[in-house]
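Have a look at the structure below before the remarks.
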Amino acid sequence: MKKTSFASVLTFGCQMNIHDSEYLKSELESLGYTLINDYIEAEAIVINTCSVREKPETKLLNILSQIKGLKKKKPKIKVIVCGCSAQNLGSKIIELYPFVDLVFGPDEIFNFKNLLLNLFTSKKESTHTSFYKDFSYMNTKVSSNILNHAYLTVMKGCNSYCSYCIVPYLRGKEISRKRLEIVEDVKQLVDKGISSITLIAQNISRYGLDINDNLINLIIDISKINRIKNLAFLTSHPKDFDLNIIKLYEDIDILSPLLHLPAQHGSNKILASMNRNYTKEYYYNIVDNLKNSKIWKNLNFTTDIIIGFPEEDDNDFKELLSLLDYAEFDNSFTFIYSPRKGTKAYELYSKKTDLSLKKVYSQRLKMYQDRQKEIALQKNKNLLDKTMELYIEQDSYKDSLKYTARTKSYKVVNFIKPKDIDLKPGSYVLAKIDKAYPTHLLATFISKV
Ligand code: 5AD
Ligand code: SF4
C-alpha cells in the first residue's frame, strides 16, 4: 500500500461508536493511511453505523447510494460497513449494494486490521455478524488527532431488553471487562497524555455483576491512578443505579459531576410498557437523593426521553413534563419513538400504529424541548460570574476567534482566544463565566492552568 493512501471513517450513533471509530482510525493509521473527513477523496471508506432508530439506518442506505457512483469511477477503493446496522442487516447490505467490500458487526471490531488486509489478498467480499462467547477486549486505541479525552469500554452488550430497543439483539449479552485490565488500559492512555477518560457501557450501572464486581470498585481503583484529571461514566440505568455512587461523587475529586440517567418517560403506564422496571416515584427518589447531596449544585444532570411511545396520551405527556420540572435536567436527548423490527414493542404495536398521531407527537416534542431550554437556561445562569477550570477541546465551529472548551461536568463553554498567550486544544485554563444560554456558556479567559 502507498504511504499516501487516504481513509475516511464516518461515524453515526452513540459514544460506543465514537469509541469504536477511534479504534478503527488508529488501525488505519498504523497501516499507513492518512485520515481525512471528506470520503470523496478516500481510498478506504469505513461507515460505522447505528441502528437504534430508523433514521440513521436510512442515512446509511443514502450514503451507500452516493458511494455507488464513486466506486464506479474508482473501482479500487474499499468500502466497509460496520457497527449496529451491519449486525442488523448483515449480508443484506452486500445483496443490495454489491460494491461493498466488507460488512462486520460490533464484536469484530478488534479484528478489523486482519479483515481489511484480507481484502487486498482475497477478491471475495465478506460478512461477519456473529457474537463471540469468548469475546476478549483489546486495549483502547485512539487516532493521532485525539488530544486529551478518550472513551473506554468497560462492558459490552445489554441484558435489559427495554421493549422499544434493538441494542440487546445487536450487541449481545453483557460481558464485563476485568477491573485490573481496565486499570491497565487507563494507565496506558494516561501515559500517552490523555488525562480525561469516560468509561462507557450500554448500562454501566450493571458493570461487573457478571464477574462478581461493581462500578464503585472500578471507579475507586481508577481514581488512584496518578495524572488522571477527569473521570466520567456513561450510561446509568435508574433500575440498577446504586445510590452509593452519589457519595462517590462527593468523595472522589477526579469524578466528573456528570450523571446521564435516562428516564425515557414520566408516566408509570408508559414506563411499564417500555419494560423499564421502575416507576416514576422510584426515579423521583433518585432525584431527591441527588438534590439532597453536596454535588447537586455542580451536577450536569442529563437524560434520554422517548416521546410518542404507543398509547401515550395527554395525561402521560403531562406526567412527562412534571418529571422534567421535578428533575430539572440540564439537558434531555429527546427522540420520537421509532418502531424497530425484532423488538417487543414492534411485535405488540406495529400493526396498531396510528400515523395521524405523528403531528401530535411532534408538537409534544417541541413543548418538551421548549420547557427543557427554559430550565437549562436557568441552571446555566446559576454559573454566571463563577471562575471555572476548562479543558480546551477545539476551535469553535462558528467563530475561529474563539475556543470551545468544557467544564469538568462537560458543559460547553466558548471563550475568545487570548492574544499573546500560547494556548492549544488539550490544555486547561481558568475562565470566568459571563453569559448563559440553554445549550452553552460564554466565558472570559483568566489564566493558563
Ligand atoms: N425509538 C426512539 N428512541 C430510541 N432509543 C432507543 N431505542 C429507541 C427507539 N426504538 C433511545 C433511548 C435510548 C437512546 C440511546 O436512544 O432514549 O436511551
Ligand atoms: Fe436499550 Fe434499554 Fe439496554 Fe439501554 S438499557 S441499551 S435502552 S435495552
| field | CA sep, side-chain torsions, deciding dist, call: Ile254, Lys229, side-chain contact (heavy atoms from CB on, under 4.5 Å) | value | CA-CA 6 Å; Ile254 62 157; Lys229 253 182 106 83; 5.8 Å; no

| task | Measure the spacing between CG of Leu215 and CZ of Phe241 and express it to the nearest 0.5 Å. | result | 9.0 Å

| query | Taking only residues two or more places apart in sequence or in another chain, which ones pass side chain to side chain contact (heavy atoms under 4.5 Å, CB included) with Phe6? | reply | Thr34, Ile36, Glu43

| query | So which of Ile222, Ile197, Leu218, Leu255 actually passes side chain to side chain contact (heavy atoms under 4.5 Å, CB included) with Phe233? | reply | Leu255

| message | Applying the side chain to side chain contact (heavy atoms under 4.5 Å, CB included) criterion to Val46, which one of Ser21, Cys82, Ser8 satisfies it? | response |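 Of the listed options, the one satisfying the test is Cys82.
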
| With sequence neighbours excluded, what pairs up with Glu347 under the salt bridge (charged side-chain N to carboxylate O under 4.0 Å, His left out) test? |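 By the salt bridge (charged side-chain N to carboxylate O under 4.0 Å, His left out) rule, Glu347 matches Lys344.
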
| field | Lys280: salt bridge (charged side-chain N to carboxylate O under 4.0 Å, His left out) partners, not counting sequence neighbours | value | Glu319

| Partners meeting ring pair (Phe, Tyr, Trp, His ring centres under 6.0 Å) with His128 (sequence neighbours left out) |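 Listed in chain order: nothing, the list is empty.
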
| Around atom NZ of Lys59, are there more than 12 heavy atoms of other residues, nucleotides or ligands at under 6.0 Å? |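 Open: at most 12 neighbouring heavy atoms sit under 6.0 Å from NZ of Lys59.
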
| task | Name all residues meeting the side-chain hydrogen bond (donor to acceptor under 3.5 Å, both in side chains) criterion together with Asn380; count only those two or more places apart in sequence or in a different chain, and write none if there are none. | result | Lys411

| request: Report the C-alpha separation of Ile80 and Leu119 in whole Å, then their side-chain angles, then the decisive distance to 0.1 Å, and conclude whether the side-chain contact (heavy atoms from CB on, under 4.5 Å) test is met. | output: CA-CA 10 Å; Ile80 297 142; Leu119 283 185; 4.3 Å; yes

| Are Phe110 and Tyr23 close enough that their ring centers fall under 6.0 Å? |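 So the answer is yes for these two rings.
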
| said: Quick check on the 6.0 Å ring-centre criterion: do His149 and Tyr410 meet it? | reply: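 Yes, ring centres under 6.0 Å apart.
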
| request: Report the relative orientation of the aromatic rings in Phe99 and Tyr97; use parallel for angles under 30°, tilted for 30 to 60°, perpendicular for over 60°. | output: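 Ring orientation, 0 to 90° scale: perpendicular.
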
| request: Among residues two or more places apart or on two chains, list those pairs meeting ring-ring contact (aromatic ring centres under 6.0 Å, His included) that have a residue in residues 334-360. | output: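 For residues 334-360, and leaving out neighbouring residues, the ring-ring contact (aromatic ring centres under 6.0 Å, His included) pairs sorted by first residue read Phe309-Tyr337, Phe309-Tyr349.
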
